[in-house]
Amino acid sequence: MLLLRDAIHFSWSALTANFTRTFLMLLAMSIGVGSVIILTALGEGARNYVTAEFSSLGTNLIIVIPGRSETSGGAPATMMGVTERDLTLDDAIALTRHPKVSRIAPFNIGAAEISWQGRKRETTIQGSTHELLMLRKWKMAQGQFLPEADISRANSVCVIGKNIRNEIFGAHAALGQWVRIGDRRYRIIGILGSEGQSMGFDVKDAVIIPVASAQSLFNVPSLFRIFIEVKTREALPKVMTFIKDTIRERHQGVEDVTVITQDAVLKTFDRILSALTYTVGGIAAISLVVAGILIMNVMLVSVSQRTSEIGLLKSLGASARAILNLILIEAVLLSSLGALTGLIIGHIGSWVIRYAFPVLPAYPPAWATLASIFVALITGILFSLLPAKKAAQLDPVVALASH
Amino acid sequence: MIKLENIHRNFQVGDQTVHALDDINLDIQDGEYLSVMGPSGSGKSTLLNLLGLLDPPSSGQYFLNNTNITDLDENQLAKTRNQNIGFVFQTFHLIPRLTAAENIELPLVLAGIEEKIRKERVYDALSSMKLLDRAPHKPEQLSGGQRQRVAIARATITEPTILLADEPTGNLDQKSGLNVIETLEQLNRRGITLIVVTHDAALGSRSTRSIRMLDGRIESDDAQGKS
Ligand SMILES: Nc1ncnc2c1ncn2[C@@H]1O[C@H](COP(=O)(O)OP(=O)(O)OP(=O)(O)O)[C@@H](O)[C@H]1O
Ligand SMILES: [Mg+2]
């Protein structure tokens with residue numbers, strides 16, 4: 001029997017003898033593997049990004065959203081739930097009564113222009129309370145956060161993020177200055193030291209005013225969210241029931257809010273984005289099958305071009321089995337080389353994505369790397385079976401006569 | 001030793017049956033030098049392919065060294081070809097991407113023989129064919145006569161008992177043709193059974209035994225008269 005080492009050597013010589021053919025097949029294979037890796041890296045990156053985003057909100061967190069979601073379970077549709085009845089500041093105050101509630105932060109957002117001495121910038125204004133700082137685990141760079149005052153008091157103070165500070169004030173001291181937001185004036189009492197993303201906002205771009213001030217600034221009586229931090233994890237279900245009961249009582253017996261835990265949100269996003277990753281990975285894997293079909297065609301052509309060589313090998317004592325193995329070894333060499341090249345392309349591509357979008361942790365998952373190599377090998381072998389069988393079954397007399 | 005009994009080989013072409021071999025009976029002793037002659041289409045190549053186990057008979061018995069080859073499976077046939085039979089073709093059939101030495105080495109590679117032993121035997125074959133300086137050359141860099149000597153070296157590298165040559169000088173000029181024939185005859189003198197198909201009467205007359213074919217039958221066999 002043909003030794004494996006010699007078989008590999010012989011197949012390799014066949015591959016290198018026809019450079020264009022080999023190069024094309026390698027290209028197809030490596031693009032397939034590379035795209036699986038890059039696309040799954042993107043999917044993973046998005047998943048990790050969103051997960052990190054929500055984890056930054058803190059633990060044991062309950063989010064109250066106005067409007068009743070149709071489906072239970074807290075799908076993202078919930079986040080866009082239609083408001084049926086306003087969620088008010090009084091509702092928020094009523095929720096503070098539970099002994100297991102450690103922090104509560106009513107939350108409002110709106111877009112407005114912030115300006116100081118002619119410098120201006122359009123940004124998102126967040127309305128909340130003193131408790132938001134601890135709830136989001138932010139740090140102050142300078143001054144203080146919103147004062148610990150009556151929730152319903154509309155103080156004219158604001159806290160800004162680093163970017164806003166730099167863009168509006170530049171080299172000037174910002175603390176204590178009066179800025180114009182929309183048509184009102186607010187005094188800067190603190191500058192946030194934290195960086196990173198939170199709920200889709202860049203903390204460095206944050207402008208935070210007291211929730212009551214935001215309500216009057218944007219002229220909306222309703223809240224966007226109420227964040228509630230619970231003392232222990234075990235208390236989460238009890239507090240959730242308490243919230244629902246309290247709101248129902250206050251809203252004439254209608255439970256028109258959606259109460260979700262951060263855990264549930266995280267899990268949902270995780271599920272959706274994992275599914276997304278699998279999907280794009282799967283779509284990319286189709287390109288591997290396309291590569292497989294290409295390999296089959298090129299192999300078939302190669303076998304018919306090498307008919308007389310195969311006839312010769314048979315006359316020299318190669319069995320059908322040996323011919324089959326030789327062609328399959330060619331396929332394995334090709335697909336593993338293609339997979340390897342694809343691996344390199346994929347990892348370089350993921351690195352480029354991370355370099356271009358530093359917020360996106362686009363690391364290809366290990367399963368995608370393994371699966372794409374596996375699929376590449378399997379398709380390479382499977383699609384070469386037919387050409388290999390064809391070669392093995394060639395009649396040596398006819399094959400030798402062909403030219 | 002070769003023994004053919006009532007060998008037929010039919011080819012179906014459309015609804016017509018071609019009797020390429022028609023009731024062939026032939027005994028060939030070890031070490032014989034046999035030439036096969038006859039007009040084109042008379043079945044010479046078909047006979048040679050059958051003797052070389054490349055083509056099975058449609059009917060009849062073929063004993064090779066007392067083994068009935070119809071009892072052998074594909075694997076055993078391949079092995080027998082590798083060990084017992086060498087082919088030399090009119091068109092050389094060298095693999096263009098391999099060097100002369102690698103072409104010669106091929107039957108040993110297929111037999112799974114270790115590289116060290118292979119290299120020694122290839123060296124010996126190259127030197128006896130006076131091709132040592134051509135070892136690293138590709139077939140395209142060799143003359144016709146050199147190519148055929150590489151092919152002969154390849155055919156004999158496993159030390160087979162039978163050497164089958166189908167018009168081995170057909171693509172060569174007279175001088176290199178003669179050189180090739182002399183090389184084959186030298187191998188025959190050392191004991192190999194040599195069977196040469198040729199159109200050339202002068203070459204045919206050099207053999208110790210000559211058969212003439214016509215329409216798939218053996219028309220004359222000068223051994224018949226002798227025995
Ligand atoms: N694979 C095949 N299919 C059909 N007919 C075939 C096949 N091989 C050979 N034949 C026929 O069998 C007959 C004998 O062919 P063969 O090749 O043995 O002749 P030959 O004596 O070698 O001729 P040449 O001197 O031209 O080489 C011819 O009629 C040929 O057409
Ligand atoms: Mg012929």
Side-chain angles (χ1 to χ4, degrees), chain A residues 1-23 302-330 333-334 388-403, chain B residues 9 11 20 45-56 72-99 102-115 117-118 138-139 151 154-158 160 164 166:
Chain A
M1 263 323 280
L2 192 56
L3 301 175
L4 183 64
R5 210 178 69 93
D6 293 322
I8 290 173
H9 180 81
F10 186 84
S11 298
W12 180 251
S13 82
L15 283 178
T16 47
N18 200 330
F19 182 76
T20 325
R21 172 175 81 91
T22 306
F23 178 77
S302 152
V303 163
S304 59
Q305 276 172 350
R306 274 154 54 198
T307 301
S308 93
E309 177 183 319
I310 291 159
L312 171 79
L313 288 177
K314 287 195 162 185
S315 80
L316 297 180
S319 62
R321 178 91 234 165
I323 303 282
L324 187 89
N325 288 343
L326 281 175
I327 305 286
L328 285 185
I329 286 172
E330 255 183 65
L333 283 176
L334 256 180
K389 277 229 170 81
K390 208 184 145 211
Q393 280 158 10
L394 277 176
D395 177 347
V397 175
V398 176
L400 276 167
S402 88
H403 263 288
Chain B
R9 181 68 174 105
F11 292 106
S45 295
T46 307
L47 176 65
L48 212 67
N49 290 333
L50 185 129
L51 289 173
L53 309 178
L54 288 179
D55 203 18
L72 302 181
D73 63 19
E74 199 271 339
N75 235 327
Q76 292 168 310
L77 284 177
K79 196 170 172 185
T80 312
R81 274 200 295 269
N82 184 267
Q83 311 279 294
N84 292 322
I85 294 161
F87 281 97
V88 176
F89 306 95
Q90 180 176 355
T91 51
F92 320 132
H93 276 299
L94 300 177
I95 296 182
R97 63 173 182 276
L98 302 182
T99 65
E102 286 167 337
N103 267 289
I104 296 171
E105 192 182 11
L106 215 45
L108 299 179
V109 171
L110 291 172
I113 290 171
E114 262 180 70
E115 185 170 7
I117 301 169
R118 287 199 317 248
K138 297 276 170 70
R154 180 182 62 191
T156 51
I157 194 77
T158 59
L164 305 170
D166 196 345

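The basis for the numbers below is simple: all heavy atoms, side chains too, and nothing from hydrogens, waters or symmetry mates. Every chain is numbered from 1 and lettered A, B, ... according to where its sequence line falls, protein lines coming before strand lines.
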Flag, side chain of [X] to backbone of [Y], donor-acceptor distance under 3.5 Å:
| X | Y | value |
| --- | --- | --- |
| A:K314 | A:L394 | yes |
| B:K79 | B:A111 | no |
| B:R9 | B:L47 | no |
| A:R321 | B:N75 | no |
| B:N103 | B:L98 | yes |

Task: Which of B:E114, B:Q76, B:E115 touches chain A most, by non-hydrogen pairs under 4.5 Å - done: B:E115
- [ ] Against chain A, work out which of B:G52, B:A155, B:A78 has the most heavy-atom pairs shorter than 4.5 Å and name it.
- [x] B:A78
Task: Most contacts with chain B, counted as non-hydrogen pairs under 4.5 angstrom, among A:A7, A:A17, A:A320, A:S315 - done: A:S315
Check whether [X] gets within reach of chain B through its side chain, its backbone, both or neither, counting any heavy atom under 4.5 Å.
| X | result |
| --- | --- |
| A:A14 | both |
| A:A322 | neither |
| A:L400 | both |

TODO: Answer yes or no: is there a side-chain heavy-atom contact under 4.5 Å between B:R97 and A:F10?
DONE: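 Side-chain contact under 4.5 Å: yes.
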Open item on the list: Any non-hydrogen side-chain atom of A:L15 less than 4.5 Å from a side-chain atom of A:R21?
Closed with: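 A side-chain contact under 4.5 Å exists here.
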Open item on the list: Does anything in residues 303-313 of chain A reach chain B? List residues with heavy atoms under 4.5 Å apart, or say none.
Closed with: A:S308, A:E309, A:L312, A:L313
TODO: Pull out the residues in residues 83-92 of chain B that come under 4.5 Å of chain A, heavy atom to heavy atom, sorted by number.
DONE: B:F87, B:F89, B:T91
